[in-house]
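Worth knowing before you read on, the calculation uses all heavy atoms, side chains too, and leaves out hydrogens, waters and symmetry mates. For reference, positions follow the sequence shown, starting with 1.
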Amino acid sequence: QVQLVESGGGYVQAGDSLRLSCTASGRTFSSYSVGWFRQATGKEREFVAGIGWSGESTSYTDSVKGRFTISRDNAKNTAYLQMNSLKPEDTAIYYCASGQYRVPVTSPLGYRYWGQGTQVTVSS
């Protein structure tokens, strides 16, 4: 069993940066990929970024490429999402997920464990 806890969300202005953290309990965190997803009000949950178990493979949705960077520190059981040049359309609840595959996948079905989410609000 793995428990995930996100932190780092907040209220920022357009153009600002935030770094989200996803800290895991359990010994198997380093064996699996991690995905960041987001869900805006009234919209479906969407894939944002993913990273493989070793950190060597990453994947991003087109709308965040060049602005967001996903990383992980397996020694700390933590994954990160560095978000720069934030836009109002980035406003959403951000979730991290893990625990099924060793490579990042874009479908929520590819992850077994989920955090509770952290709110990111970007004002214009």
Side-chain angles (χ1 to χ4, degrees):
Q1 187 75 12
V2 174
Q3 292 185 327
L4 304 174
V5 178
E6 303 96 337
S7 61
Y11 182 97
V12 297
Q13 302 290 321
D16 286 349
S17 298
L18 281 174
R19 188 176 80 156
L20 305 183
S21 298
C22 172
T23 302
S25 63
R27 299 179 181 178
T28 61
F29 176 79
S30 61
S31 299
Y32 297 109
S33 64
V34 173
W36 283 97
F37 290 77
R38 66 187 179 187
Q39 188 165 18
T41 303
K43 296 188 177 181
E44 293 186 355
R45 190 169 299 190
E46 66 169 347
F47 173 80
V48 176
I51 187 166
W53 69 277
S54 68
E56 291 186 357
S57 61
T58 58
S59 178
Y60 298 91
T61 193
D62 286 345
S63 63
V64 307
K65 285 179 180 177
R67 299 189 299 123
F68 291 11
T69 303
I70 189 171
S71 61
R72 67 188 299 164
D73 185 340
N74 285 339
K76 296 182 178 180
N77 268 13
T78 301
Y80 305 97
L81 185 67
Q82 178 66 44
M83 305 186 297
N84 299 330
S85 302
L86 283 161
K87 304 176 180 181
E89 51 263 43
D90 295 318
T91 295
I93 299 174
Y94 283 71
Y95 300 89
C96 70
S98 186
Q100 184 122 340
Y101 298 106
R102 293 170 73 81
V103 296
V105 295
T106 60
S107 169
L109 299 177
Y111 300 90
R112 182 178 305 169
Y113 305 111
W114 291 81
Q116 82 291 346
T118 185
Q119 177 71 49
V120 171
T121 303
V122 184
S123 67
S124 59

Do [X] and [Y] sit in the same hydrophobic cluster, where Ile, Leu, Val, Met, Phe, Trp and Tyr count as joined when their side-chain heavy atoms come under 4.5 Å apart?
{"X": "Trp36", "Y": "Trp114", "value": "no"}
{"X": "Val48", "Y": "Val12", "value": "yes"}
{"X": "Val103", "Y": "Tyr60", "value": "no"}
{"X": "Tyr95", "Y": "Phe68", "value": "no"}

Minimal non-hydrogen separation, [X] against [Y], with atom names:
{"X": "Ala24", "Y": "Val2", "value": "CB-CG1, 4.1 Å"}
{"X": "Leu109", "Y": "Gln100", "value": "O-NE2, 4.1 Å"}
{"X": "Thr91", "Y": "Ala40", "value": "O-CB, 3.7 Å"}
{"X": "Arg112", "Y": "Gly99", "value": "CB-O, 3.0 Å"}
{"X": "Leu18", "Y": "Gly8", "value": "CD2-O, 3.6 Å"}
{"X": "Val120", "Y": "Gly9", "value": "CG2-CA, 4.1 Å"}

Quick one: pull up [atom1] in [X] and [atom2] in [Y] and give me the separation to the nearest 0.5 Å.
{"X": "Glu89", "Y": "Ser124", "atom1": "CD", "atom2": "OG", "value": "10.0 Å"}
{"X": "Ser30", "Y": "Lys76", "atom1": "OG", "atom2": "NZ", "value": "15.5 Å"}
{"X": "Leu20", "Y": "Thr78", "atom1": "CG", "atom2": "OG1", "value": "12.5 Å"}
{"X": "Ser98", "Y": "Tyr113", "atom1": "OG", "atom2": "OH", "value": "9.0 Å"}
{"X": "Gln119", "Y": "Gln39", "atom1": "CD", "atom2": "CD", "value": "11.0 Å"}

Parallel, tilted or perpendicular: rings of Phe37 and Tyr111 (30°, 60°): perpendicular
SB check Lys87 Asp90 (cutoff 4.0 Å): no
pair [X]-[Y]: side-chain heavy atoms closer than 4.5 Å:
{"X": "Pro104", "Y": "Ile51", "result": "no"}
{"X": "Tyr94", "Y": "Glu6", "result": "no"}
{"X": "Ser59", "Y": "Phe47", "result": "yes"}
{"X": "Arg38", "Y": "Val64", "result": "yes"}
{"X": "Ser33", "Y": "Trp53", "result": "no"}

Over 12 non-hydrogen atoms of neighbours within 6.0 angstrom of CD in Glu46: yes
Glu44 atom CD, neighbour heavy-atom count above 12 within 6.0 Å: no
Residues in salt bridge (charged side-chain N to carboxylate O under 4.0 Å, His left out) contact with Arg102, at least two apart in sequence or another chain: none
Lys/Arg cation over aromatic Phe29: Arg72, 6.0 Å, 45° cone: yes
Tyr32: ring pair (Phe, Tyr, Trp, His ring centres under 6.0 Å) partners, not counting sequence neighbours: none
